[in-house]
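Just so we're on the same page: letters track the sequence lines, and every chain starts at 1.
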Number of protein chains: 2
Amino acid sequence: MDNAILLGDLADLFKVFGDSSRIRILYELLEAESCVNDLAQRLDMTQSAVSHQLKILKMNKLVNNRREGKQIIYFLADDHVSTILSMGREHLLEGR
Amino acid sequence: MDNAILLGDLADLFKVFGDSSRIRILYELLEAESCVNDLAQRLDMTQSAVSHQLKILKMNKLVNNRREGKQIIYFLADDHVSTILSMGREHLLEGR
DNA sequence: CAAACATATGAATAAGTGTTCATATGTAAA
DNA sequence: TTTACATATGAACACTTATTCATATGTTTG
């Protein structure tokens with residue numbers, strides 16, 4: 001058995017969380033799944049910028065999507081996302 | 001009461017984890033507290049590079065240090081560090 | 001106090017990255 | 001099959017950042 005994880009991969013995963021635009025997208029999706037334009041509007045970002053970031057989130061399996069008519073609905077891939085975010089929050093809260 | 005966390009701060013925290021040098025340092029410290037030169041040797045990094053990264057880890061309260069004679073011993077600040085690392089590992093392991 | 005050892009720091013450089021702009025792809029409606 | 005809508009993509013630019021090199025700070029030993 002080989003449970004070993006490449007530390008580089010681990011760093012790459014955290015790198016995804018290390019951008020405030022992506023964090024804000026994840027938080028939005030934590031509340032409700034939504035399409036690209038809705039995210040862009042709510043976060044006051046360009047449609048292009050959101051799309052670029054969603055691609056990165058998807059590649060890292062943090063979000064998934066499905067087509068629904070014209071639009072594409074994005075949603076969180078699993079609950080690791082919210083767990084990881086919570087751990088980060090806790091660390092910040094205790095460091096006050 | 002205000003439990004709110006600035007999402008930018010959260011991103012900044014994860015940014016710290018998003019570098020393989022820092023992750024490797026944290027993993028070494030997870031096994032045993034150590035001084036700068038030992039880390040540099042074991043990780044095959046410059047003493048300067050290690051020192052620079054330790055400074056960032058310290059600023060973010062992920063590690064602490066104490067002086068012991070000539071050398072300065074670094075160690076993990078709390079167990080959030082290992083918890084956060086574990087969450088990341090789990091996500092990677094399940095995505096296979 | 002001087003020499004040796006351990007760590008920290010600052011400037012410079014190279015590599016990586018997020019956003020914007022323009023445009024392409026793909027889907028639904030007329 | 002045009003037209004309009006929703007999203008994706010690629011190139012360019014500005015910005016951040018990790019490492020290296022040289023050197024400074026601080027501690028112990030002779």
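Linking ILVMFWY side-chain heavy atoms closer than 4.5 Å, directly or via other members, places F75(B) and I23(B) in two distinct hydrophobic clusters. I73(A) is not connected to L26(A) by any chain of hydrophobic side-chain contacts under 4.5 Å among Ile, Leu, Val, Met, Phe, Trp and Tyr, and they are in different clusters.
For E31(B), there are no side-chain contact (heavy atoms from CB on, under 4.5 Å) partners two or more places apart in sequence or in a different chain. Under the salt bridge (Lys or Arg N to Asp or Glu O under 4.0 Å) criterion, D12(A) pairs with K15(A), sequence neighbours left out.
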Could you list all N or O pairs between the protein and nucleotides 17-19 of chain C that sit under 3.5 Å apart?
from, atom 1, to, atom 2, distance (Å)
dG18(C), OP1, R22(A), NH1, 3.0
dG18(C), OP1, R22(A), NH2, 2.7
dT19(C), OP1, S21(A), OG, 2.4
dT19(C), OP2, Q53(A), NE2, 2.8

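Looking only at side-chain heavy atoms (C-beta outward), L62(A) and L13(A) come within less than 4.5 Å of each other. A 4.5 Å side-chain heavy-atom check between H52(A) and T46(A) finds every atom pair outside the cut-off. In this structure, the side chains of R22(B) and L57(B) come closer than 4.5 Å at one or more pairs of heavy atoms. A heavy-atom distance below 4.5 Å is found between the side chains of L85(B) and F17(B).
If you take CG on D9(A) and CG on N60(A), they are separated by 10.0 Å, rounding to the nearest 0.5 Å. Separation of atoms CD1 (I25(B)) and CG (L76(B)) is listed at 11.0 Å; rounding is to 0.5 Å. Atom CG in L10(A) sits 11.5 Å away from atom CG in D19(B) (nearest 0.5 Å).
For the residue pair R89(B) / S86(B), a side-chain donor-acceptor distance below 3.5 Å is found, with atom types taken as modelled.
Annotation: proximity of residues 31-41 of chain B to DNA chain D (heavy atom, distance under 4.0 Å) is found for no residue. Within residues 65-73 of chain A, the residues having any heavy atom under 4.0 Å from DNA chain D are, by residue number, K70(A), Q71(A), I72(A).
Of all nucleotides in DNA chain D, those with any atom nearer than 4.0 Å to a heavy atom of chain B start and finish, going 5' to 3', at dT17(D) to dT28(D).
Mapping S48(B) and Q47(A) onto DNA chain C via the closest heavy atom, the residue that lands nearer the 5' end is S48(B).
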